[in-house]
Amino acid sequence: MGVDLGALCVKREAKLSDFSGRVVAIDAFNTLYQFLSTIRQPDGTPLKDHLGRITSHLAGLLYRTVNIIEAGVRPVYVFDGKPHPLKAGTLEGRRAAKEKALIEWNEALEAGDLERAKSKAQATSRLTGEMVGQSKELLSALGLPHIQAPGEGEAQAVHLVRRGDACACASQDFDAMLFGAPLLLRNIAIGGKRKLPGKNAYADVEPEVISLEETLLSLGITREQLVDAAILIGTDFNTGIRGIGPKKALKMIIGNGSLESAMPAIEGDEKYREHLNGISDYGEIRRIFLNPDVTDDYSLEWGAVNEGRAVDMLCGEFHFSKERIVKAVERFSDLKKRSGQKSLFEF
DNA sequence: CAGTATGA
DNA sequence: TCATACTGG
């Protein structure tokens, strides 16, 4: 998902509790996809209820959110709206990749290769409208706000930060930086360990904060130039130019000042000339990132936890273990008692 | 992913 | 007590 700007960013290790008392705008789709991808059995099967409905997203959302709350952070989940027409190619590409992964998942299962099966299964993850609705319902039961973005969720999350309603965005995608997020939180999981794509090796993955200002300063460019570089590399809205990665893109933008000034050099290069259609819409893509479709029509209200509603939904409707869910939901209530407040989130 | 059981 | 393995739905 998104552009990989990892190599260009100034990162700093962080703890979730560094953001204690602050509002963090979380990219809901990105988070839910993460859960759908990782919360699976060794053979790749996701968690399902008695009716065969996938529940991985709900399990992940509940436990992740409890941990965020326990760190004193006030989460607001921001959901994607309508995708921009230029994203159609990316979405079609993902759909095709999922179809292929589904076949390969079954092949791996037949071959008895569990590791490959799980990895292929993860690539089949689909977030449905029903799952989105269920996730919103769970958040409401937990007394947490969620916001519906008109377009890209990340753009709306950044908008919250720019209006002073949140202090940072949380997402695994780097797109938030292109939208202008001053601070981007990545890896806000509790575990800190993640399986490496290689094999049985585990690497520590600590939460990290990326500062847009420090990144731009270290690169010696403006955000507009970062967006231009991203367009060359390729974004969700364009394929970019084959053969140009972060390093060459940056060099071209720094050397020429802007994408249009770099065009003669690109058009004059045989290698790149045939891929010009990959950046043909660059004016519109700039607009998507620099002047995104966002709304001020939202409210951020943290209410009390409705234990009964959360338990009814997860245990009654989806057959989660009552013991586990009650314990998790009570962690919200315990926090309230300790802080002596009616609601943890009252100002 | 996160909780829980296990066992050194 | 802590790292590792397994389970959850």
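A, B, ... follow the sequence lines: proteins, then strands. Residue 1 opens every chain.
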Rounded distance (Å) that lies between atom [atom2] of [N] and atom [atom1] of [X]:
X         : N      : atom1 : atom2 : result
Glu330(A) : dG3(B) : CD    : P     : 15 Å
Lys118(A) : dA5(C) : NZ    : P     : 13 Å
Ile68(A)  : dC1(B) : CD1   : C1'   : 12 Å
Glu115(A) : dA5(C) : CD    : P     : 13 Å
Leu114(A) : dC6(C) : CG    : P     : 12 Å
Arg64(A)  : dG3(B) : CZ    : C1'   : 14 Å
Gln122(A) : dC1(B) : CD    : C1'   : 11 Å

With sequence neighbours left out, what residues match [X] under side-chain contact (heavy atoms from CB on, under 4.5 Å)?
X         : result
Asp269(A) : Lys271(A), Tyr272(A)
Leu217(A) : none
Pro246(A) : Leu8(A), Ile233(A)

For the pair Glu70(A) and Arg331(A), evaluate salt bridge (charged side-chain N to carboxylate O under 4.0 Å, His left out) and give the outcome as yes or no after the intermediate values.
CA-CA 8 Å; Glu70(A) 276 191 338; Arg331(A) 285 162 67 190; 2.8 Å; yes
With sequence neighbours excluded, tell me which residues meet side-chain hydrogen bond (donor to acceptor under 3.5 Å, both in side chains) with Arg287(A).
Glu284(A)
Could you list the donor-acceptor pairs under 3.5 angstrom formed by side chains in residues 311-323 of chain A, with sequence neighbours left out?
unit_1    : atom_1 : unit_2    : atom_2 : d
His319(A) : NE2    : His50(A)  : NE2    : 3.3
Ser321(A) : OG     : Glu323(A) : N      : 3.4
Ser321(A) : OG     : Arg324(A) : N      : 3.2

Between N or O atoms, less than 3.5 Å apart, protein on one side and nucleotides 7-9 of chain C on the other: list the pairs.
unit_1 : atom_1 : unit_2    : atom_2 : d
dG9(C) : OP1    : Ser321(A) : N      : 2.7
dG9(C) : O3'    : Thr55(A)  : OG1    : 2.9
dG9(C) : O3'    : Phe318(A) : O      : 3.2
dG9(C) : N9     : Lys48(A)  : O      : 3.4
dG9(C) : O6     : Gln41(A)  : NE2    : 3.2
dG9(C) : N1     : Gln41(A)  : NE2    : 3.3
dG9(C) : N2     : Pro46(A)  : O      : 2.7
dG9(C) : N2     : Lys48(A)  : N      : 3.2
dG9(C) : N3     : Lys48(A)  : N      : 2.8
dG9(C) : N3     : Lys48(A)  : O      : 3.1

